[in-house]
Enquirer: 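Provided herewith is a single structure, encoded as C-alpha cells, for subsequent inquiry.
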Amino acid sequence: MPSGTRAANRAAMESEIRRLGREHLRTAGAAGLSLRAIARDLGVVSSAVYRYVPSRDDLLTMLLVEAYSDLADHVEHSVSTIPVDRYRERLRAATRALRTWAVDDPSRWALLYGSPVPGYAAPAEQTVGPGTRVVAMLIGELARAEAAGALRVDDVEVPGQLSGDLVAIRDEFGVGLSDAGAVVATTLWSTTVGAISLEVFGQYGADTFNHPGELFAAIVGRALAPVIA
C-alpha cells in the first residue's frame with residue numbers, strides 16, 4: 001500500500017476515534033472513557049484501536065489537546081475583526097466566546113475545567129501549550145491596554161508575598177504587565193472560568209437565573225472595570 005494511502009487511512013481512523021471519544025465524553029464522562037467501548041462502536045477488535053491509541057490516557061490527552069485547540073481557535077476568531085485598540089470590546093468578545101463554546105459542549109468544558117480524572121495526569125509537554133493559548137491571549141490584551149494607558153490599576157491591592165508568583169506569570173507569558181495588571185488578568189480569568197462552570201455544571205440552581213447570558217455579561221463587566229478602552 002502506498003505510504004500516502006497508509007497515512008490517509010491512519011488519519012481517518014484517528015479522526016473517527018476522536019469523534020467517538022467526544023461522543024463517549026457526553027454519555028460516560030471522562031472517567032468512563034474506554035478504548036474497548038470505542039472498538040465495539042467501530043466494529044473492530046480492541047487491538048486494532050490500540051495500534052492508533054495505545055491507552056485510555058493517550059485518548060484523554062488527544063481529546064484534551066483537541067478541545068483546548070478548538071476552544072482557542074473559537075476565541076481567537078471571535079476577536080479577529082475587532083480593532084486592536086478596542087481592548088474592552090475584544091476582551092468581552094473573548095469571554096463571550098468562552099461561554100458559548102462551553103454551553104454548546106459542556107462535556108468538553110468539563111474535560112478541560114471540571115474535576116480531575118482519577119488516575120490520569122496530563123503530560124505537560126503536550127497540553128501546556130494548547131491549554132494556555134486563551135489565557136495568554138487575555139493577558140496579552142491586558143498588557144497592551146496597560147502599555148497604552150487604558151488600564152486603571154491605582155486601586156488594585158497586591159499583597160507583598162504575591163509578587164514572586166506574578167513575576168513567574170509575566171516570565172511565562174513574556175509580557176510587561178505590572179503586578180496590579182497581573183492581578184486584574186488573574187481576576188478576569190478566574191471570574192470567567194468560575195462563572196461559566198457554575199452555569200454549565202448547574203451550580204446556580206435550576207430556576208435561579210432565567211437569563212444566564214445577561215448574568216455572565218454583568219459578571220465579566222465587573223471584572224473588566226479597570227479596562228477603560
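Atom set for the values below is all heavy atoms of this structure, side chains included, hydrogens, waters and symmetry mates excluded.
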Enquirer: Any side-chain to backbone donor/acceptor pair from Arg133 onto Tyr68? Under 3.5 Å, distance only.
Expert: no

Enquirer: Can you confirm whether more than 12 heavy atoms, excluding those of Glu125, are under 6.0 Å from its CD atom?
Expert: yes

Enquirer: Can any side-chain N or O of Thr95 pair as donor or acceptor with the backbone N or O of Arg92 at less than 3.5 Å?
Expert: yes

Enquirer: Would you kindly confirm whether Tyr50 and Val53 end up in one hydrophobic cluster when ILVMFWY residues are joined by side chain heavy atoms under 4.5 Å apart?
Expert: yes

Enquirer: Please report the closest heavy-atom contact between Trp101 and Ala67, naming both atoms and the distance.
Expert: CZ2-O, 3.6 Å

Enquirer: Under a 4.5 Å cut-off applied to non-hydrogen side-chain atoms, are Tyr52 and Leu35 in contact?
Expert: no

Enquirer: Apply side chain to side chain contact (heavy atoms under 4.5 Å, CB included) to residues Val183 and Leu162 and explain how you reach the verdict.
Expert: CA-CA 9 Å; Val183 169; Leu162 187 60; 4.1 Å; yes

Enquirer: Working to the nearest 0.5 angstrom, can you tell me the gap between Thr100 OG1 and Asp104 CG?
Expert: 6.5 Å

Enquirer: Between Ala93 and Ile82, which heavy-atom pair has the shortest distance, and what is it?
Expert: CB-CD1, 3.6 Å

Enquirer: Rounded to the nearest 0.5 Å, what separates atom OG1 in Thr208 from atom CG in Leu215?
Expert: 10.0 Å

Enquirer: Do Trp189 and Leu142 come within less than 4.5 Å of each other through their side chains, counting heavy atoms only?
Expert: no

Enquirer: Ignoring hydrogens and geometry, is there a side-chain-to-backbone donor-acceptor pair from Arg96 to Gly213 under 3.5 Å?
Expert: no

Enquirer: Give me the atom names and distance for the closest heavy-atom approach of Phe201 to Gly114.
Expert: CZ-CA, 4.1 Å

Enquirer: Between Gly181 and Leu151, what is the shortest heavy-atom contact and its length?
Expert: CA-CD2, 4.1 Å

Enquirer: Of all the heavy-atom pairs spanning Asn210 and Asp207, show the shortest one and how long it is.
Expert: OD1-O, 4.5 Å

Enquirer: Take Thr127 and Val65 through the side chain to side chain contact (heavy atoms under 4.5 Å, CB included) test and state the conclusion after the steps.
Expert: CA-CA 6 Å; Thr127 59; Val65 170; 4.1 Å; yes

Enquirer: Whether the Asp58 and Ser55 side chains hold a donor-acceptor pair (N or O, under 3.5 Å, no angle test) is what I'd like checked.
Expert: yes

Enquirer: Is there a donor-acceptor pair under 3.5 Å between the side chain of Arg88 and the backbone N or O of Leu224?
Expert: yes

Enquirer: Between Leu59 and Val49, is any pair of side-chain heavy atoms under 4.5 Å apart?
Expert: no

Enquirer: Just verifying a value: how many Å separate Leu25 CG and Leu60 CG, rounded to the nearest 0.5 Å?
Expert: 7.5 Å

Enquirer: Between Asp165 and Ser163, do the side chains contain a donor N or O and an acceptor N or O under 3.5 Å apart?
Expert: no

Enquirer: For residues 204-229, which residue pairs pass the ring-ring contact (aromatic ring centres under 6.0 Å, His included) check, not counting sequence neighbours?
Expert: Tyr204-Phe209

Enquirer: What is the minimum heavy-atom distance between Val117 and Ala31, and which atoms define it?
Expert: CG1-CA, 3.9 Å

Enquirer: For a quick test of your reading: what N or O donor-acceptor pairs under 3.5 Å do the side chains of residues 10-21 make, sequence neighbours left out?
Expert:
| unit_1 | atom_1 | unit_2 | atom_2 | d |
| --- | --- | --- | --- | --- |
| Arg10 | NE | Glu14 | OE2 | 3.2 |
| Arg10 | NH2 | Arg51 | O | 3.4 |
| Glu16 | OE1 | Arg19 | NE | 3.1 |
| Glu16 | OE2 | Arg19 | NE | 3.4 |
| Glu16 | OE2 | Arg19 | NH2 | 2.5 |
| Arg18 | NE | Glu66 | OE2 | 3.2 |
| Arg19 | NH1 | Glu23 | OE2 | 2.5 |

Enquirer: Determine whether Val79 and Met137 satisfy the following criterion, side chain to side chain contact (heavy atoms under 4.5 Å, CB included), listing intermediate values before the conclusion.
Expert: CA-CA 10 Å; Val79 303; Met137 190 205 74; 4.1 Å; yes

Enquirer: Hey, are Asp70 and Arg108 close enough for a salt bridge, meaning a charged N less than 4.0 Å from a carboxylate O?
Expert: yes

Enquirer: Between Leu111 and Val193, is there shared hydrophobic-cluster membership here, with clusters defined by ILVMFWY side-chain heavy atoms closer than 4.5 Å?
Expert: yes

Enquirer: Can any side-chain N or O of Ser80 pair as donor or acceptor with the backbone N or O of His77 at less than 3.5 Å?
Expert: yes

Enquirer: Any side-chain heavy-atom pair from Ile169 and Ile139 closer than 4.5 angstrom?
Expert: yes

Enquirer: For a 4.5 angstrom cut-off between non-hydrogen side-chain atoms, does Tyr120 reach Leu64?
Expert: yes

Enquirer: Do Trp109 and Leu71 have side chains that approach each other closer than 4.5 Å (heavy atoms only, starting at C-beta)?
Expert: yes

Enquirer: Just checking Arg26: does its CZ atom have more than 12 heavy atoms from other residues, nucleotides or ligands closer to it than 6.0 angstrom?
Expert: yes

Enquirer: Tell me the salt bridge (Lys or Arg N to Asp or Glu O under 4.0 Å) pairs involving residues 191-202, sequence neighbours left out?
Expert: Arg99-Glu199

Enquirer: Look up atom CD1 in Ile219 and atom CZ in Arg222, then write down how far apart they are to the nearest 0.5 Å.
Expert: 12.5 Å

Enquirer: Please check if the number of heavy atoms outside Arg86 that lie under 6.0 Å from its CZ is greater than 12.
Expert: no

Enquirer: Rounded to the nearest 0.5 Å, what's the gap from CZ on Arg56 to OG1 on Thr61? Could you check?
Expert: 9.5 Å

Enquirer: Please evaluate residues Leu33 and Leu63 with respect to the criterion side chain to side chain contact (heavy atoms under 4.5 Å, CB included), reporting the C-alpha separation (whole Å), side-chain torsions for both, the decisive distance (0.1 Å), and the verdict.
Expert: CA-CA 11 Å; Leu33 283 179; Leu63 294 174; 3.7 Å; yes

Enquirer: Same hydrophobic cluster for Val44 and Met62, using side-chain heavy-atom links shorter than 4.5 Å among ILVMFWY?
Expert: yes

Enquirer: Under 4.5 Å between any side-chain heavy atoms of His24 and Asp41, yes or no?
Expert: yes

Enquirer: For the side chain of Arg144 and the backbone of Val84, is there at least one donor-acceptor N/O pair under 3.5 Å apart?
Expert: yes

Enquirer: Can you confirm whether Glu146 sits close enough to Val184 that some side-chain heavy atom of one is under 4.5 Å from a side-chain heavy atom of the other?
Expert: no

